[in-house]
There are 2 protein chains.
Amino acid sequence: MITVYSDDHRFHDGKVELNDGKLVPCFEMPRRAELVLARVKATGLGEIVPPKPHGLDPVRRVHRSDYIDFLSTAHDEWKAEHGDYDALPLNWPVPGMRRDVRPQHIDGKIGLYCLDVGTPLTAGTFRAITAGADVALTAAALLGTGERAAFALTRPPGHHATSACYGGYCFFNNAAIAAQALRDAGAARVCVLDVDYHHGNGTQEIFYERGDVLFVSLHSDPVHEYPYFCGFADETGAGAGEGANLNIPLAWGTDATQYVAALDHALARIEAFGVDALVVSLGVDTYKGDPISRFALDHDDFTAIGARIAGAKHPTVFVMEGGYAVEAIGVNLVNVLQGFEAAD
Amino acid sequence: MITVYSDDHRFHDGKVELNDGKLVPCFEMPRRAELVLARVKATGLGEIVPPKPHGLDPVRRVHRSDYIDFLSTAHDEWKAEHGDYDALPLNWPVPGMRRDVRPQHIDGKIGLYCLDVGTPLTAGTFRAITAGADVALTAAALLGTGERAAFALTRPPGHHATSACYGGYCFFNNAAIAAQALRDAGAARVCVLDVDYHHGNGTQEIFYERGDVLFVSLHSDPVHEYPYFCGFADETGAGAGEGANLNIPLAWGTDATQYVAALDHALARIEAFGVDALVVSLGVDTYKGDPISRFALDHDDFTAIGARIAGAKHPTVFVMEGGYAVEAIGVNLVNVLQGFEAAD
């Protein structure tokens, strides 16, 4: 399997996030990608290629232009107002407030476009996420050249980013960008299968009213887990997208047996829907050792997950998402890819 | 003028707030009320009386019961989950997410009920805000005993708190609670006049669709100032409240001449509307020395503001709101009250 990778992810290197009411070092860090890259090399997974520049047009297919424009200048505006350090939000619209406003102050802009206080926006963020989108797009394009699968080794992750809000460490929704690119390249129906521990609220929001992109997510039940306000089983899509959204919330402590049963249910839904290509939002924070998650999967379980996904027999792009047990992330993530290849 | 005061405000004593992306000591602190109390005493403004307990029923007239219930147990839940320190939010609902959910985790609950990351919820918050509501209610009740005016010396402030969200240092909307109590005591029409530097988004939200409570606010233009998403001139009320909401946004650097002209415009609107009682949300962060605000009023200007308000000739409850130039808060705030009395 070809891996697409760019060193530019390193330009997004936040110092602190607010977590449990305290500023703590960022869980989402460059070392995550570096250890995955090292594991890709060590296992001989396959060729590693750089991304091709795609520009922002494919990003604009899933993100609002005003949001992209905001991201492109946000840190410069923050620096001019507050100083040369990472940006965090102050306040946000609640009922009785408006979103149809155009704040001139960077704090107001951040409040409009941000969904949590755990996602520092840094001087290098825009460069990193632009490269990240190129990584996802390059991996997606490989399917058009006859590749059975490709791996977009990218960070920061993307699945929490909605059409116009960042958060959950995510800015550009790489999986959604890849799925849209596959559609635009001719695939009639695409599925995004999200196996990250957290619900992919951004991907759901982007495709919620569309019948051409199926979104299927296995994740920790939002009644007790981030993102809390999205990811419930009764969210099945709307309008033309009714029936094209499947959430499978799982309890804290979910083990491999329970997880694989849920995954088989997800894969059956994908089979019934019928798709021409699959994008996997590949988080491995389902690992038992993850510092901010509560599932119980072990190294070998990731191999089994990859094998199950291979069984769907679709051209598949894997897009890296979460996983914060940093020293284990390489093994767990590449186990999925090796499991996929071995079963293929 | 009688001042109503309770020491219980001291139970709300947050350690840090997130401001400009950094955790800094709270601007809103017990010393604010203590210095105002000292100034009330030093100037001989009048009798100082304790609040009478009113229970939570008058609070429920303007805040949702689930919100009050949340506040009553939030810190205990936070402490059980995270530890014995102040609570700050993690994430919040954005478009594509839901508010019709009932999170079981305290982080999710806070995300539903909070509007900024500058407002720590502490172990003593509920006791302090309950006392604060009693202070406002006791001051409002004094009008029914024939007092021309009364001063509710209370903190934390209230005007940013909506029917179901806290933030901007505010939890219970004391001014709204007082206004509703005046309505319930027989006043047919009441006005809340908000002269705090920041827009009173909470008070606006609470009364936005009601024609019996006029909300008039002078404040820093939200296009470049907190709360950013509310407080624009085109927000004039809705439904039965159409025409009963007047926002007067003012530019950074507004001086006394400009401010008094705007105040006269506000008072003319109140006169035209016709009210039986006036509640003044009395913030003095319009002071030139305020550390987080950008107007240019000086000590004597507050005396003039009090005199102008007295000219409206309505029974008046002053409810303390913002003001963060702590050493000047006593002089500025009591100047308003003395200006009122001298002109009366």
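Chain A is the first sequence line, chain B the second, and so forth, proteins listed ahead of strands; every chain is numbered from 1.
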Region of [X] in contact with chain B, defined by heavy-atom distances below 4.5 Å:
X: A:Arg99; answer: side chain
X: A:Val94; answer: both
X: A:Pro89; answer: both
X: A:Asp20; answer: both
X: A:Leu112; answer: both

Specify which of [options] makes the most heavy-atom pairs with chain B at under 4.5 Å.
options: A:Gly111, A:Cys230, A:Gly168, A:Pro95; value: A:Pro95
options: A:Phe229, A:Tyr208, A:Tyr85, A:Tyr226; value: A:Phe229
options: A:Ile206, A:Val117, A:Leu115, A:Leu23; value: A:Leu115

Go through it in stages, so that I can follow the logic: the residues are A:Phe126 and A:His75, the test is ring pair (Phe, Tyr, Trp, His ring centres under 6.0 Å), and I'd like the CA-CA distance, side-chain angles, deciding distance and then a yes or no.
CA-CA 9 Å; A:Phe126 194 72; A:His75 194 272; over 10 Å; no

Please state whether the side chain, the backbone, both or neither of B:Asp107 comes within less than 4.5 Å of a heavy atom of chain A.
both

Heavy-atom cut-off 4.5 Å, strictly under: side chain, backbone, both or neither for B:Glu81 against chain A?
side chain

Please work out whether the ring planes of A:Tyr228 and B:His105 are parallel, tilted or perpendicular, with thresholds of 30° and 60°.
tilted

